[in-house]
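Everything numeric in this text was worked out from a predicted model, so none of it was measured.
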Amino acid sequence: MNWRMVSPGRLREAGILGMNHRNVDLISRLNPRRLYPLVDNKLKTKIALAAAGIAAPRLIGTLRTQHDIADFADLVGPLDGFAIKPARGSGGKGILVIVRRRGDNFIRASGTEVDLDTLEFHVSNILSGLFSLGGTPDVAFVEDLVRPDPLFRDLSVEGVPDIRVIVYRGFPIMAMLRLATRASAGKANLHQGAVGVGLRMADGQAIRAVQFSKNLESHPDSGAPLKCIAIPEWDRILTLATRCADVTGLGYLGADIVLDRQRGPLVLELNARPGLAIQMTNRAGMLPRIAAIDALDAADFRRPPEQRTEIVRRLFSASAPPHV
């Protein structure tokens with residue numbers, strides 16, 4: 001079904017959460033604006049997650065003024081790989097990932113080789129607000145390089161794959177794996193050409209893979225099959241997303257989680273306005289799942305994250321058998 005060609009009434013009948021419903025009934029009602037800065041600012045998010053003991057890529061250092069760029073070479077000098085990010089960037093803009101060194105130069109995830117001057121110029125652009133929401137001056141920070149689990153070796157090109165989990169009122173209700181492609185320039189953004197793979201809530205098994213709203217059986221660049229994907233440490237991933245909702249206080253949240261080969265699941269970032277394309281990758285709408293959560297007993301909402309995750313796995317165990 002091409003949802004863009006279907007009337008809003010038919011979409012609601014099919015259980016599809018639409019943009020207006022999301023904005024009015026979920027974001028406006030469940031996400032107080034006073035909480036937005038915590039998730040709109042990636043640096044604040046990292047600090048809050050660290051204080052709560054939630055695993056995330058290690059913060060190496062921050063650069064707050066143009067004068068701080070003089071310290072950048074010393075900051076990254078001992079590192080073979082790292083990521084430079086704007087605190088208030090959006091849609092992956094301004095993120096620059098270095099995967100290794102070659103002499104005095106740095107190799108990006110795309111294979112492009114850059115020198116120190118290029119990296120310092122990029123940091124300067126971040127501080128000037130080139131990538132920030134509203135174009136206002138920003139803060140740059142450097143964090144550990146995520147080295148993806150070997151499972152993803154042929155599943156993502158020029159970028160780190162992540163798992164987007166939607167959490168509603170403290171319960172994870174839908175998830176998808178996002179795989180970078182050459183078309184998406186290494187970004188895990190479906191609108192830019194990344195591959196989205198819906199994941200069954202019961203066990204993390206692949207349901208369906210899409211790129212640009214079209215079904216896929218294999219990765220468009222590597223040719224790796226997609227229908228056999230099964231995400232390891234699924235319980236930990238769902239529980240991690242649930243804990244993020246508790247830390248932020250947001251009732252409707254998107255948690256982006258990566259699977260590092262050494263540290264396991266790590267929270268990459270959080271989103272107070274997660275998109276709706278995840279429904280397409282799952283071949284299912286969120287409205288029935290939202291209704292199922294709303295119907296739970298009041299005591300269930302007070303249960304610890306691990307128990308809420310188990311409730312979800314039981315509730316949605318029969319949803320969407322694995323197929324691509």
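- The nearest pair of heavy atoms linking Leu63 to Asp68 is CD2-O, 3.4 Å.
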Side chains of residues 167-176: which donor-acceptor pairs under 3.5 Å do they make with residues two or more places apart or in other chains?
{"residue": "Tyr168", "atom": "OH", "partner": "Asp294", "partner atom": "OD1", "Å": "2.6"}
{"residue": "Tyr168", "atom": "OH", "partner": "Asp294", "partner atom": "OD2", "Å": "3.1"}
{"residue": "Arg169", "atom": "NH1", "partner": "Asp294", "partner atom": "OD1", "Å": "2.9"}

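- Using a cutoff of 4.0 Å between basic side-chain nitrogens and carboxylate oxygens, Asp246 and Arg243 are not scored as salt-bridged.
- In terms of heavy atoms, Leu127 sits closest to Gln66 at CB-NE2, 3.6 Å.
- With respect to Arg33 and Asp40, no salt bridge is recorded, no charged nitrogen being found less than 4.0 Å from a carboxylate O.
- Here the side chains of Asn215 and Arg283 are in contact, with some heavy-atom distance below 4.5 Å.
- Between Met286 and Leu276 the shortest side-chain heavy-atom distance falls below 4.5 Å.
- Between Phe106 and Phe82, the two ring planes are perpendicular [angle over 60°; tilted spans 30° to 60°].
- For residues 253-263, every residue pair satisfying the side-chain hydrogen bond (donor to acceptor under 3.5 Å, both in side chains) rule, not counting sequence neighbours, is listed here: Arg164-Asp256, Arg178-Asp256.
- Listed by first then second residue, pairs satisfying ring-ring contact (aromatic ring centres under 6.0 Å, His included) with a partner in residues 211-264 number zero, not counting sequence neighbours.
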Verdict with supporting geometry, Val97 and Arg108, side-chain contact (heavy atoms from CB on, under 4.5 Å): CA-CA 6 Å; Val97 178; Arg108 300 183 60 176; over 6 Å; no
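- The two residues Ala206 and Val197 have their closest heavy-atom pair at CB-CG1, 3.8 Å.
- Between the side chain of Arg308 and the backbone N or O of Arg303 there is at least one donor-acceptor pair closer than 3.5 Å.
- Of all heavy-atom pairs between Leu266 and Pro57, the closest is CB-CD, 4.0 Å.
- If you check the side chains of Ser128 and Asn125, you find no donor sitting under 3.5 Å from an acceptor.
- Here Asp71 pairs with nothing under the side chain to side chain donor-acceptor pair (under 3.5 Å) rule; sequence neighbours left out.
- Arg302 is linked by a salt bridge (Lys or Arg N to Asp or Glu O under 4.0 Å) to nothing, counting only residues two or more places apart in sequence or in another chain.
- For Arg64, there are no salt bridge (Lys or Arg N to Asp or Glu O under 4.0 Å) partners, not counting sequence neighbours.
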